[in-house]
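Numbering of ligands and ligand atoms starts at 1, following listing order.
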Amino acid sequence: MKKVVLAYSGGLDTSCCVRWLKDKGYEVICFIADVGQNDDFVKVEKRALSGGAARVYIKDLKTEFVDEFIFKSLKANAVYEGKYLLATALSRPLIAKYLVEVAHKEKAQAIAHGCTGKGNDQVRFEVTARILDSSLEIIAPVRIWEFKSREEEIEYAHDKKIPIDVTKKKLYSIDKNLWGVSIESGVLEDVWVEPPADCYQWTKSPEDAPNKPTYIEVEFNKGIPVKINGKAYSGIELIEKLNKVGAANGVGRSDMIENRLVGIKSREIYEAPAGAILYCAHKELEAMVLDRELMHYKETRSSLYGELIYNGLWYSPIRVGISKFIEESQKNVTGTVRLKLYKGNCTVVGRKSRHSLYKQELATYSKGDKFDQSLAEGFIRIYSMPFQV
Ligand code: ARG
């Protein structure tokens, strides 16, 4: 019997995949990655087994996810097309890495995932798997099976008595992890329709958020957030805390039309409260401690870094190389940013750092000015000379 290790989430697609692979004659091993999606893993495991899995592996990947993926992305200010903080995209290479590891342990010939043939996730899983072990066969049931729509899949699940949570009315496809939620499908496919309140998983709507702002202080050490309001937290706890306070204030929502790698535009709703707060705070601290040349050059790398993550190239030499530069750029990114969360907005209201390059005596228009304004004339003459000539 051929063995396959399936990246399993307990959602509609992967639940149908288990049964489908089994019916095709495979022994199916399910791999469940805990990337902070806060699922009831006992329930998910039961679901895998009742669907026909021979064995289930559950692995807590949260610490590695935060330290090796999320914080690296944060240090780079990585964002895709200005709106997406890459929660789903960042988790894929990590999950794929362990999928390959489990396949080795199980001596399986194949790995499988529940991604569609139209999305980015298939690319991210498969590129990573090919980089790590190109001898493994890759099966993507959703790309080849007979169902033509999510509705048909739901029918299949009902016929085969596979437990699922999706209904034909609530057709959302949701991907969750510590760094954020991605929501698509169903009514959201009509890009003129305002996202219904029930599609949001974490955040309060700004209208229902408190009428009073919440102030928080986030402290960074070399680009990594380490404290909230003076109290130290682990990376996981810190993100969880900020997700809570951000969500309560309606922070971190975005409604986006994005360019997928496979060439289509799609609409996705994102929620990333902690991500939004940290991105905003981190950028602000950099504005104060990085010199102009470094800051501007780094900005040009941010969008590329985001694109590489989005396009599934986490384990590519260029991503690794840029990451070394980003790392180097962070040595002075230590300090505290004060933020105001209010009805969906996250605004910076204060910043301090011992590495600050902001010098009040140079910037001031009041007394104590140390900037010799008389020198400006010569500076501008020479600066403009080539254009004058
Ligand atoms: N569009 C996002 C990406 O490519 C999320 C994909 C998964 N979305 C979902 N709702 N299951 O990273």
Side-chain angles (χ1 to χ4, degrees), residues 6-17 32-33 35-39 44 65 69-70 73-74 76 78-96 113-128 140-143 149-150 153-154 164-167 170-191 193 195-196 198-203 252-272 275-276 279 303 305-314 319:
L6 168 71
Y8 184 75
S9 69
L12 173 65
D13 292 325
T14 55
S15 293
C16 291
C17 283
I32 302 168
V35 282
Q37 64 270 50
N38 249 328
D39 277 345
V44 180
F65 188 36
F69 292 79
I70 294 175
S73 178
L74 176 67
V79 58
Y80 187 65
E81 295 182 344
K83 282 189 175 180
Y84 173 34
L85 290 171
L86 299 156
T88 299
L90 281 165
S91 72
R92 298 319 192 196
L94 174 62
I95 296 170
H113 59 70
C115 310
T116 80
K118 297 168 71 167
N120 301 308
D121 287 329
Q122 53 174 349
V123 183
R124 299 168 184 150
F125 277 127
E126 293 180 33
V127 169
T128 305
V142 181
R143 284 202 298 240
S149 64
R150 274 172 83 69
E153 268 180 71
I154 293 171
I164 48 162
D165 298 323
V166 184
T167 63
K170 259 176 107 176
L171 279 174
Y172 303 128
S173 161
I174 297 169
D175 182 69
K176 252 186 227 177
N177 64 47
L178 195 58
W179 199 228
V181 195
S182 310
I183 310 134
E184 64 175 348
S185 306
V187 287
L188 299 170
E189 286 174 5
D190 181 343
V191 296
V193 167
D198 75 353
C199 81
Y200 292 102
Q201 307 297 305
W202 287 355
T203 51
R253 288 184 171 187
S254 63
D255 173 351
M256 172 175 188
I257 303 267
E258 71 196 44
N259 288 294
R260 284 194 192 164
L261 179 58
V262 295
I264 57 173
K265 290 190 189 287
S266 64
R267 191 236 203 138
E268 190 111 31
I269 307 302
Y270 294 108
E271 296 178 272
Y279 174 80
S303 56
Y305 203 80
E307 245 169 63
L308 293 168
I309 295 170
Y310 188 86
N311 291 341
L313 299 179
W314 182 264
R319 202 285 305 163

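Those atoms of ligand 1 with a heavy atom of E184 less than 4.0 angstrom away are 8 (N), 9 (C), 10 (N). Here is the list of ligand 1 atoms found below 4.0 Å of a heavy atom in S182: 5 (C), 8 (N), 9 (C), 10 (N). If you number the atoms of ligand 1 from 1 as listed, the ones under 4.0 Å from a heavy atom of S173 come out as 9 (C), 10 (N), 11 (N). Numbered from 1 in the order shown, with element, the atoms of ligand 1 that lie under 4.0 Å from a heavy atom of N120 read 3 (C), 4 (O). Atom numbering of ligand 1 starts at 1 in the shown order; those under 4.0 Å from a heavy atom of D175 are 11 (N).
The shortest non-hydrogen separation linking L261 to N120 is N-OD1, 2.9 Å.
With a 4.0 Å cut-off on non-hydrogen atoms, R260 does not touch ligand 1 at all.
Looking only at heavy atoms of the protein, atom 12 (O) of ligand 1 is closest to Y84 OH, 2.6 Å.
Geometrically, R124 engages Y310 in a cation-pi contact, judged by NZ or CZ lying under 6.0 Å from the ring centre and within 45° of the ring axis. Figure legend: cation-pi geometry between R253 and Y270 absent, as NZ or CZ is not positioned both under 6.0 Å from the six-membered ring centre and within 45° of its axis.
The closest non-hydrogen atom to atom 3 (C) of ligand 1, taken over E268, R267, R124, R92, comes from R124. Within the set I183, V123, D121, I174, the minimum heavy-atom distance to atom 6 (C) of ligand 1 is found for D121.
The CD1 atom of I257 sits 8.0 Å away from atom NZ of K83, with the distance rounded to the nearest 0.5 Å.
Close N/O approach between E258 and ligand 1 is found [any backbone or side-chain N/O within under 3.5 Å].
Ion pairing of R92 with D175 is present here, as a side-chain N (NZ or NE/NH1/NH2) and a carboxylate O approach within less than 4.0 Å.
Residue contacts with ligand 1 leave out Y172, since none of its heavy atoms falls under 4.0 Å from the ligand. Y270 counts as a contact of ligand 1, since one of its heavy atoms falls under 4.0 Å from the ligand.
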- Task: Step by step, work out the salt bridge (Lys or Arg N to Asp or Glu O under 4.0 Å) result for E126 and R143.
- Result: CA-CA 13 Å; E126 293 180 33; R143 284 202 298 240; 2.9 Å; yes
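Ring geometry for W314 against Y305 counts as perpendicular: the plane angle is over 60°, on a 0 to 90° scale with 30° as the lower cut. The aromatic rings of Y80 and Y84 stand perpendicular to each other, their planes meeting at an angle above 60°, with 30° marking the opposite boundary.
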